[in-house]
There are 2 protein chains.
Amino acid sequence: MAQKDTVKSILNAAEELFSERGFAETSLRNITTKAGVNLAAVNYHFGSKKALIQAVFARFLTPFCEDLERELDAVQARLDGKVPELPGILMLLSQTALRAGHDSPRRLGIFMRLLGLAYTQGQGHLRRFLQKEYGPVFKAFMRLVTAATPELSDEDRFWRIHFMLGATVFTLSGADSLTAMAEHDLGKGSDIAQVVDKLIPFLASGLNAPHQAG
Amino acid sequence: MAQKDTVKSILNAAEELFSERGFAETSLRNITTKAGVNLAAVNYHFGSKKALIQAVFARFLTPFCEDLERELDAVQARLDGKVPELPGILMLLSQTALRAGHDSPRRLGIFMRLLGLAYTQGQGHLRRFLQKEYGPVFKAFMRLVTAATPELSDEDRFWRIHFMLGATVFTLSGADSLTAMAEHDLGKGSDIAQVVDKLIPFLASGLNAPHQAG
DNA sequence: TCTCGTTTTAAACGTATGTTTGAAACAGTT
DNA sequence: AACTGTTTCAAACATACGTTTAAAACGAGA
């Protein structure tokens, strides 16, 4: 039980601190202090800081992707050849994501911030790791989206998917400060789940936009 | 001429390196080496690394915001009370932005990457600096958008503006790698200007989406 | 040509980082 | 109770960082 506790508290501390400050700005001393373990524990249990970063992602993404894969298969089977509906796909994705941070909805925000960092911060090793590990599930998801948007050219669909990804990662990343801003500006805060609800019609409408301006 | 050259090459090197690796991951030694100047030059001319970061943003944003302010005033005058059109506003913004990196269109991508970093990376001093310095222009822009979307609730508009910001920053940030991906996946690359063209209908349609899913 | 303020330079400073080490503490087995 | 493999611990290691310093080089005005 001792080992699991140490490993778990390191992962918890690292997840939170990385999401708050970024990877380079978070030292192993920050992490081990917050986790209440010895400094050397990270290198003992994970091998290096890079490996710890990957482990933080794996702990969230592996169950999430397994879950998503099951859901995608189920949808595919239920459809039985018919054309899937876009908002349904998006809601499936968002609900799987919300479920992945099962203990607290705040966890999804934390992880989105990490995902944003993975893109923006150097960390080439991370991008390679994510691609190798979770690329196939993403491709399966894309096949469904493609089936749901037959009228889009491959090029438009490619770019619009990334517009959607950007809107999602950016706003869910900053959900904490954005809801604080919303509360200050208009007296109405929101939690992550509500932001996701607002996000879906925006994304669905954007993806289906006419080719010209409108 | 000597001083201007040193300052300018430091800013050029810093802008590029920051955008590639982030702030914390880029050392003053990296910057001064790339710029071909002495290590101490940064602290001599800018005072500190933080001040250098702010200077990099100021060099891009100050002319851009002055230009944008002029354009906004011109639109306001031309309207003379009538309701402005959304796609027109977005195109005005994008064209002002493209003009800001006047020498090369790649510059806009670099700056968007920096803007993304400013949000994600710690750098509280940067957010405060940007807010103080460029907040008013953003508010003026928001007034126009509000006038162009009278049917939206303040809450929906708030969130959708940030969805738009996210889609823009994210995709223009990663425009280099994304166009490479597009080229690999579908044999068709794009430059920044073309991505912006694809972005506008997506954003306009998302902002005007019905409140429910659609 | 000499002078004085500005700019550049090489070297050092203090600090913080990721990692390694070797001994101590622990837990399970015989 | 003694042994064994695993985990923790305090301390040290080498390295890289941002910043400072004091002297040298420079450039324009008298």
Side-chain angles (χ1 to χ4, degrees), chain A residues 1-59 114 117-118 121-126 128-129, chain B residues 1-59 114 117-118 121-126 128-129:
Chain A
M1 190 66 77
Q3 169 174 359
K4 277 195 99 178
D5 269 15
T6 298
V7 168
K8 206 179 224 176
S9 29
I10 289 176
L11 285 172
N12 287 340
E15 180 176 292
E16 193 135 345
L17 290 177
F18 282 153
S19 83
E20 286 170 4
R21 322 183 188 177
F23 303 116
E25 295 88 342
T26 305
S27 70
L28 295 187
R29 284 166 178 84
N30 293 152
I31 295 170
T32 51
T33 299
K34 171 157 191 163
V37 304
N38 186 273
L39 165 62
V42 168
N43 284 282
Y44 177 74
H45 287 287
F46 297 92
S48 69
K49 189 181 181 180
K50 283 186 182 182
L52 170 62
I53 294 175
Q54 295 181 2
V56 168
F57 277 82
R59 181 169 69 145
L114 291 177
L117 290 176
Q121 218 130 331
Q123 306 299 343
H125 70 100
L126 225 186
R128 265 169 277 144
F129 169 78
Chain B
M1 189 66 78
Q3 168 175 1
K4 278 195 98 177
D5 270 15
T6 298
V7 169
K8 206 178 222 177
S9 28
I10 289 175
L11 285 172
N12 287 339
E15 179 175 292
E16 193 135 345
L17 289 176
F18 283 152
S19 83
E20 286 170 6
R21 320 182 189 177
F23 304 116
E25 296 87 342
T26 304
S27 71
L28 294 187
R29 285 167 177 84
N30 294 151
I31 295 170
T32 51
T33 300
K34 172 157 190 163
V37 304
N38 186 271
L39 165 62
V42 168
N43 284 282
Y44 177 76
H45 287 287
F46 296 92
S48 69
K49 188 180 180 181
K50 282 185 182 181
L52 170 61
I53 294 176
Q54 296 181 3
V56 167
F57 277 82
R59 182 170 66 145
L114 291 177
L117 289 175
Q121 217 128 331
Q123 306 300 343
H125 71 99
L126 225 187
R128 264 168 279 143
F129 170 77

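Here is how names work: the chains are called A, B, and so on, in the same order as the sequence lines, proteins then strands, and each is numbered from 1. Only this structure's heavy atoms are used, side chains among them; waters, hydrogens and symmetry mates stay out.
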*Under 4.0 Å: is that the gap between some side-chain N or O of A:His45 and OP1 or OP2 of D:dT8?*
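True: A:His45 side-chain N/O within range (under 4.0 Å) of D:dT8 OP1/OP2.
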_I need a per-nucleotide contact map over nucleotides 12-21 of chain C, read 5' to 3'. Cutoff is protein heavy atoms under 4.0 Å; write B for the base, S for backbone only, - otherwise._
B----BBBBB
Once side chain to side chain contact (heavy atoms under 4.5 Å, CB included) is applied, do any residues pair with [X], and if so which ones, sequence neighbours excluded?
X       : result
B:Thr26 : B:Leu17, B:Phe18, B:Arg21, B:Asn30, B:Ile31
B:Ala55 : B:Leu11, B:Phe46
A:Ala40 : A:Asn38

*For B:Glu15, all residues meeting side-chain hydrogen bond (donor to acceptor under 3.5 Å, both in side chains), sequence neighbours excluded*: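 Only B:Arg59, B:Arg107 meet the side-chain hydrogen bond (donor to acceptor under 3.5 Å, both in side chains) criterion with B:Glu15.
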*asked:* If I take atom CG in residue A:Asn38 and atom C1' in nucleotide C:dA24, what distance separates them, rounded to the nearest angstrom?
replied: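 My rounded result for the distance is 12 Å.
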*List in chain and number order the residues that pass ring-ring contact (aromatic ring centres under 6.0 Å, His included) with B:Phe57, two or more places apart in sequence or in another chain; answer none if no residue qualifies.*
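ring-ring contact (aromatic ring centres under 6.0 Å, His included) check on B:Phe57 returns B:Phe111.
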